[in-house]
Amino acid sequence: MFRKVLIANRGEIALRVIRACRELRISTVAVFSEADRESLHVRLADESVCIGPPPPAQSYNYIARLISAAEVTGADAIHPGYGFLSENAHFAEVCASCGFTFIGPRAEMIRKMGDKAVARRTMMDAGLPVVPGSEGVLDGVDQAVSLARSIGYPVIIKAAAGGGGRGMRVARDERSLRASFGIAQAEAGAAFNNQSVYLEKYIGRPRHIEFQLFGDTHGRLIHLGERECSVQRNHQKLIEEAPSPFLSPEQRLEVGAMAVRGAAAIGYLNAGTMEFLFDQDGSFYFMEMNTRIQVEHPVTEEVTGTDLVKEQIRVAAGEPLSLAQEDVEWRGHAIECRINAEDHEHDFRPSPGKITYWYKPGGPGLRIDSHVYAGYTVPPYYDSMIGKLIAHGKDRPEALRRMEIALDEMIVEGIRTTIPFHHLALRDPRFQSGDLDTHFVETLLKPKPEPAPKPAPADGKRLARAAKAAAARAGGS
Ligand code: MV4
């Protein structure tokens with residue numbers, strides 16, 4: 001087992017990794033930018049190293065500085081968390097060549113799944129269902145048009161180097177496909193330095209359901225069930241739950257086995273997530289694979305009783321996974337609400353600043369993963385997530401009720417947060433019944449159409465009736 005792990009990240013995930021290391025009696029090194037001096041991960045780690053000014057390019061994404069920090073502190077492994085360099089194959093290679101174990105999959109697996117067209121092709125070859133579309137990247141607009149003719153419109157053009165919803169364009173007919181194609185290539189080139197695009201049939205109002213996978217170096221590869229992630233906005237998830245209210249136990253085993261088969265095709269190691277789109281009629285399709293621990297991993301931990309971050313560390317150190325597929329059991333239901341420093345009434349604009357008061361809820365079945373405290377200033381440079389509330393219960397109604405109570409109890413002053421948004425979402429009848437799709441947030445927040453203005457009363461009788469109705473409204477219930 002490792003003696004010392006450097007955490008190449010900040011925020012709640014840095015704390016999460018520190019806690020896992022402490023359980024395993026591994027000492028920890030925090031790295032921080034000048035904007036994060038007061039962050040809890042710096043205080044809770046055994047050692048800390050400042051790696052540069054606030055912009056990520058000069059700190060958390062600066063590979064040479066991270067490697068230097070690992071060298072001077074004598075770390076033997078590096079945990080990348082999520083975001084930043086977590087899915088950067090080059091970083092994984094540099095770690096290995098400098099003698100540090102990268103806590104994650106091998107560089108070639110990150111690279112393969114990072115090219116979404118290659119990932120699609122690989123999973124198609126492994127027998128997973130993929131949305132009808134191109135075999136690989138497209139040669140030109142004419143190929144796209146002839147393909148679209150055979151599969152039918154609407155279609156979606158995606159950047160091979162994109163993922164997570166970045167670099168996508170929908171075309172509803174040939175004219176818009178011809179117009180979009182060049183733009184999509186140019187955008188992909190500008191954003192990812194890679195013009196390659198591929199094409200798929202467009203699925204309207206899908207559900208986003210992802211499976212947690214885990215592989216070790218002893219040939220064991222398992223799944224830990226799914227997470228429902230349809231409640232998202234601009235590809236940022238806001239609420240996640242496990243299990244999905246949409247899947248039957250039989251479907252869970254079927255899709256889980258598929259996900260394992262796909263991951264086995266690339267000899268997958270460590271934690272990974274396979275994302276599927278589910279159609280309204282229950283058909284499902286492989287979308288992409290994320291080669292990192294994800295923000296929403298706690299809902300899986302709560303329902304399976306596992307510690308995925310400890311497993312990541314153990315497996316990276318060459319130890320076998322602590323459970324086999326037949327040991328995985330699902331208990332109850334878990335929901336996660338992301339608390340972001342954002343104002344949902346103004347298009348979720350960021351609301352950084354000083355937290356003047358902070359009260360954390362508690363009680364049975366409640367977990368809070370957060371790095372903030374009263375007096376902490378949320379810096380404007382990074383992701384706006386300040387914490388995650390995770391409620392677990394014997395079933396979905398109990399988990400939901402526990403979450404509602406926690407959101408009610410929680411007090412954050414000084415900044416705007418997504419707590420009021422979560423109240424709104426959880427009270428929605430569609431959420432309550434589990435009737436979710438990727439358009440949920442949009443339709444939840446869309447201003448209700450104004451009722452048609454009432455015609456002006458034309459006579460005294462009508463006036464009297466209106467006055468009576470108004471009085472009844474004012475007095476009633
Ligand atoms: C799609 C799609 C419809 N049809 N692909 C967005 C994230 C990326 N992983 C895949 N995404 C989508 N791919 C086809 N063929 C719709 C989306 C999509 C979406 C997917 C999951 C969650 C939210 C989404 C929001 C908009 C679009």
Side-chain angles (χ1 to χ4, degrees), residues 82-83 87 113-124 128-138 144 147-148 150-172 176-177 180-181 184 187-188 191-192 197-211 226-241 244 246-247 255 259 262 272-292 294-296 336 338 348 425 430-431 435-446:
Y82 50 68
E87 292 182 282
M113 295 299 108
D115 184 320
K116 304 304 167 186
V118 171
R120 176 179 153 84
R121 186 66 229 236
T122 305
M123 294 310 158
M124 203 188 316
L128 270 69
V130 299
V131 191
S134 56
E135 294 237 329
V137 300
L138 293 162
L147 194 60
S150 71
I151 62 177
Y153 287 91
V155 296
I156 184 166
I157 313 167
K158 297 183 175 183
R166 299 176 315 145
M168 311 192 314
R169 261 173 189 269
V170 179
R172 310 218 162 253
S176 78
L177 176 56
S180 298
F181 190 83
E187 280 176 349
F192 314 113
V197 294
Y198 63 105
L199 183 135
E200 289 177 349
K201 172 120 186 125
Y202 178 70
I203 314 281
R205 296 191 164 265
R207 282 175 171 256
H208 173 148
I209 299 176
E210 57 184 33
F211 273 73
E226 82 286 2
R227 296 183 283 261
E228 165 75 60
C229 303
S230 296
V231 182
Q232 54 83 46
R233 182 188 162 270
N234 291 346
H235 307 293
Q236 289 291 337
K237 295 163 189 161
L238 286 157
I239 305 176
E240 304 95 343
E241 51 186 312
S244 164
F246 185 70
L247 280 199
V255 187
T273 297
M274 212 173 267
E275 178 191 327
F276 293 92
L277 285 196
F278 277 68
D279 219 333
Q280 295 298 324
D281 67 8
S283 315
F284 62 93
Y285 309 98
F286 167 83
M287 277 290 122
E288 38 190 86
M289 184 167 183
N290 299 320
T291 54
R292 59 169 192 276
Q294 295 199 223
V295 175
E296 59 272 25
E336 173 178 279
R338 297 193 189 187
F348 290 82
R430 287 172 306 156
F431 188 91
D435 176 22
L436 303 168
D437 64 52
T438 51
H439 294 261
F440 174 79
V441 177
E442 192 188 312
T443 49
L444 178 74
L445 298 179
K446 199 184 290 169

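Numbering of ligands and ligand atoms starts at 1, following listing order. Note that the numbering runs from 1 along the sequence shown for the chain. All figures in this text were calculated on a predicted structure; none of them were measured in a lab.
Taking the charged nitrogens against the carboxylate oxygens, Arg233 and Glu442 have no contact shorter than 4.0 Å, which rules out a salt bridge. Taking 4.0 Å as the cut-off between side-chain N and carboxylate O, Arg120 and Glu200 count as a salt-bridged pair. Arg292 has a carboxylate O that lies under 4.0 Å from a charged side-chain N of Glu87, or vice versa, which qualifies the two as a salt bridge. Using a 4.0 Å cut-off between charged nitrogen and carboxylate oxygen, Glu226 and Arg207 do not count as a salt-bridge pair.
Proximity of Ile203 to ligand 1, defined as any heavy-atom pair under 4.0 Å, is shared by backbone and side chain alike. Residue contacts with ligand 1, taken as heavy atom pairs separated by less than 4.0 Å, involve His235 solely via side-chain atoms from C-beta onward.
The closest non-hydrogen atom to atom 24 (C) of ligand 1, taken over Gln232, His208, Arg207, comes from Gln232. Among Arg233, Arg205, Met168, the residue whose heavy atom lies nearest to atom 12 (C) of ligand 1 is Met168.
Panel note: side chain Asn234, backbone Gln236; no donor-acceptor pair is recorded below 3.5 Å. Looking only at distances, a side-chain donor or acceptor of Ser134 sits under 3.5 Å from a matching main-chain atom of Leu199. Judged purely by atom type and a 3.5 angstrom limit, Thr443 uses its side chain to pair as donor or acceptor with the backbone of Phe440.
Annotation: Thr438 places no N or O atom under 3.5 Å from an N or O atom of ligand 1; distance criterion only. For ligand 1, the polar-atom distance check against Glu275 finds a nitrogen or oxygen pair separated by under 3.5 Å. For Glu288, a nitrogen or oxygen atom sits less than 3.5 Å from a nitrogen or oxygen atom of ligand 1, counting backbone and side chain alike. Polar contact with ligand 1: present for Lys158 (N/O pair, distance under 3.5 Å).
Each of Glu210, Glu228, Glu336 was scored for a salt bridge (Lys or Arg N to Asp or Glu O under 4.0 Å) with Lys237, with one residue passing: Glu210.
Taking every non-hydrogen atom of Glu200 and a distance limit under 4.0 Å, the qualifying atoms of ligand 1 come out as 5 (N), 14 (C), 15 (N). Numbered from 1 in the order shown, with element, the atoms of ligand 1 that lie under 4.0 Å from a heavy atom of Tyr202 read 3 (C), 4 (N). Short contacts between ligand 1 and Lys201, defined as distances under 4.0 Å to a heavy atom of the residue, involve ligand atoms 4 (N), 14 (C), 15 (N).
Between Phe284 and Phe278, the two ring planes are parallel [angle under 30°; tilted spans 30° to 60°].
The shortest separation from a heavy atom of His439 to ligand 1 is not under 4.0 Å, leaving the residue out of contact.
Counting only heavy atoms of the protein, atom 7 (C) of ligand 1 lies nearest to Gly165 N, 3.4 Å. Nearest non-hydrogen protein atom to atom 16 (C) of ligand 1 is Leu277 CD1, 4.0 Å.
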